[in-house]
Amino acid sequence: MDYYEILHVDRSATDDDIRRAYRRLAMRWHPDKNHTGKKDAEAKFKDITEAYNVLSDAGKRALYDQYGEEGLRAGGAPPQPGGGADDIFAEFFGSTPFTYCNTGASTTARTKQQAAWDAGGGAYFGGGGFGRDQGGGSAAAPPPPPVESKLACTLEELYVGVTKKMKISRNVVDASGRMKTESEILSIEVKPGWKKGTKITFPGKGNQQWSQLPADLVFVVDEKPHDVYRRDGNDLVAEARVTLADALGGTVVVLATLDGRELVVEVSGGGVAGDEDDDDGDDEDPVVYPGYELVVPSEGMPIAREPGRRGSLRIRFDVAFPERLTRRQRAQIKRILDAAG
């Protein structure tokens, strides 16, 4: 036999060339991929395995190159350094189909495994389908770890919700057993109230390796910084800087909400102003001081698991003190504060 011709490589082929040739031909001629003409496929598969066993071993290849097949046989039987055909196949692909190499498997198991083989174009050898776990041989390759990718969202998008279109490119094994790059656009429905770290999983949309199922693709929500608001759980936190006069005498804070509204918060001595018609001017209100926090209910982030509910808006104040005061101003302020006790 001409082992080089069997593998469709020339005599100058490298070890990588030989391995690639074996991988391609073994997947093409495996008996489980050839229901019609199975005997011919078995013979062809056996020749492919024998050719690989010889040409992948440097010593035996040198002997074969010098003396041919007869010279190789004269030095011993055709070598099987990695075992028989099923062992060589398992070395490449992680496991071997039951219907060919594990005759102990039940008919039902073989039928299911053959269906999975056909569905995967001969490229699926793991995940409980083709590992030789029925007969005690090589176990199926474990599923690959998921591939994670950041999904950057603005605070506005997490407030109102948004549909994001993500174009991905991934490596897949086609029906002929060749690796190719495939592009696809995925649609992600970002729900109002989702938080940083929320994961969206697309099963089987990650890269595929030769002996494994495709990995899952997982998008992880990441929150972009905002110029005005900071998220704290379901609450929103905003900063407001007011003068000392405003802190003591009352003021109005105007904020643009994340859904485009204008929110006017009246601050009267540290509280949200109510109906001033009932104010006789003698009521005592808390004083706005540096670090004071004013809470506005239901103006925070939506609560994803409780539709219709929102967290609170917390406005934290910083007070700008005057750099200079006249003696008269100081005296007036002191007199008022002393009276307040």
*Dump the intermediate steps for side chain to side chain contact (heavy atoms under 4.5 Å, CB included) on Ile168 and Leu217, then the final yes or no.*
CA-CA 10 Å; Ile168 64 168; Leu217 177 60; 3.9 Å; yes
*Please test Glu239 against Arg230 for salt bridge (charged side-chain N to carboxylate O under 4.0 Å, His left out), starting from the C-alpha separation and ending with a verdict.*
CA-CA 9 Å; Glu239 306 289 338; Arg230 178 177 60 83; 5.3 Å; no
*Determine, step by step, whether Leu158 and Met301 satisfy the side chain to side chain contact (heavy atoms under 4.5 Å, CB included) criterion, reporting the C-alpha distance in whole Å, the side-chain angles of both residues, the deciding distance to 0.1 Å, and the verdict.*
CA-CA 8 Å; Leu158 296 175; Met301 293 294 293; 4.0 Å; yes
*Go through the steps to decide whether Leu186 and Phe202 satisfy the test side chain to side chain contact (heavy atoms under 4.5 Å, CB included), and finish with yes or no.*
CA-CA 9 Å; Leu186 302 179; Phe202 289 86; 3.9 Å; yes
*For Glu223 and Lys150, what are the C-alpha separation, side-chain angles and deciding distance, and is it a salt bridge (charged side-chain N to carboxylate O under 4.0 Å, His left out)?*
CA-CA 10 Å; Glu223 186 180 292; Lys150 285 186 178 182; over 6 Å; no
*After noting the C-alpha distance and the side-chain angles of Asp57 and Tyr64, does the key distance pass the side chain to side chain donor-acceptor pair (under 3.5 Å) rule?*
CA-CA 10 Å; Asp57 184 290; Tyr64 173 76; over 6 Å; no
_Full working for side chain to side chain donor-acceptor pair (under 3.5 Å) between Arg61 and Tyr3_ = CA-CA 10 Å; Arg61 181 179 179 180; Tyr3 293 139; over 6 Å; no
*Verdict with supporting geometry, Thr181 and Ser169, side chain to side chain donor-acceptor pair (under 3.5 Å)*: CA-CA 7 Å; Thr181 301; Ser169 294; over 6 Å; no
*Should Lys205 and Glu184 be marked as a salt bridge (charged side-chain N to carboxylate O under 4.0 Å, His left out) after you check the CA-CA gap, both sets of side-chain angles, and the distance that decides it?*
CA-CA 9 Å; Lys205 292 298 184 180; Glu184 185 177 355; 3.0 Å; yes
*asked:* Pair Phe219, Thr201 - check side chain to side chain contact (heavy atoms under 4.5 Å, CB included), show working.
replied: CA-CA 6 Å; Phe219 287 97; Thr201 301; over 6 Å; no
_For Ser12 and Asp10: C-alpha separation, side-chain torsions, deciding distance, then whether side chain to side chain donor-acceptor pair (under 3.5 Å) applies._
CA-CA 5 Å; Ser12 62; Asp10 56 36; 2.8 Å; yes
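By the neighbour-count criterion of 12 heavy atoms within 6.0 Å, atom CZ of Arg28 is sparsely surrounded, having that number or fewer from other residues, nucleotides or ligands.
For the pair Val172 and Lys180, the minimum side-chain heavy-atom distance is below 4.5 Å. At a threshold of 4.5 Å between non-hydrogen side-chain atoms, the residues Pro214 and Asn207 do not count as touching. The side-chain heavy atoms of Leu7 and Asp17, taken from C-beta on, include no pair separated by under 4.5 Å. Two residues are said to be in side-chain contact when any heavy atoms from C-beta on lie closer than 4.5 Å; Ile315 and Leu255 meet this criterion. Here the side chains of Val267 and Phe317 are in contact, with some heavy-atom distance below 4.5 Å.
The main-chain N or O of Gly204 is found under 3.5 Å from a side-chain atom of Asp216 such that the two form a donor-acceptor pair. No side-chain donor-acceptor contact under 3.5 Å links Thr198 to the backbone of Trp194.
Criterion: ILVMFWY side-chain heavy atoms under 4.5 Å apart, direct or through other members. Under it, Leu155 and Val220 are not part of a common hydrophobic cluster. By the criterion of side-chain heavy atoms lying less than 4.5 angstrom apart, applied directly or through intervening Ile, Leu, Val, Met, Phe, Trp or Tyr residues, Val228 is grouped together with Val160 in one hydrophobic cluster. No path of Ile, Leu, Val, Met, Phe, Trp and Tyr side chains, each step under 4.5 Å between heavy atoms, connects Val218 with Leu151, placing them in separate hydrophobic clusters.
Note on Lys164 versus Glu157: salt bridge recorded, some NZ/NE/NH1/NH2 to OD/OE distance being below 4.0 Å. Between Arg11 and Glu5 there is no salt bridge, since no side-chain nitrogen of the basic residue lies less than 4.0 Å from a carboxylate oxygen of the acidic one.
Across Asp235 and Ser312, no two heavy atoms sit closer than the pair OD1-N, 2.8 Å. Closest heavy-atom contact between Gly206 and Arg170: O-NH1, 3.4 Å.
No donor-acceptor contact under 3.5 angstrom links the side chains of Tyr52 and Asp47, judged on distance only.
Using cut-offs of 30° and 60° for the angle between ring planes, the His226 and Tyr229 rings count as tilted.
Remark: Leu258 CG to Leu236 CG distance equals 5.5 Å, nearest 0.5 Å.
A cation-pi geometry, defined here as NZ or CZ lying under 6.0 Å from the six-membered ring centre and within 45° of its normal, does not hold between Arg231 and Tyr159.
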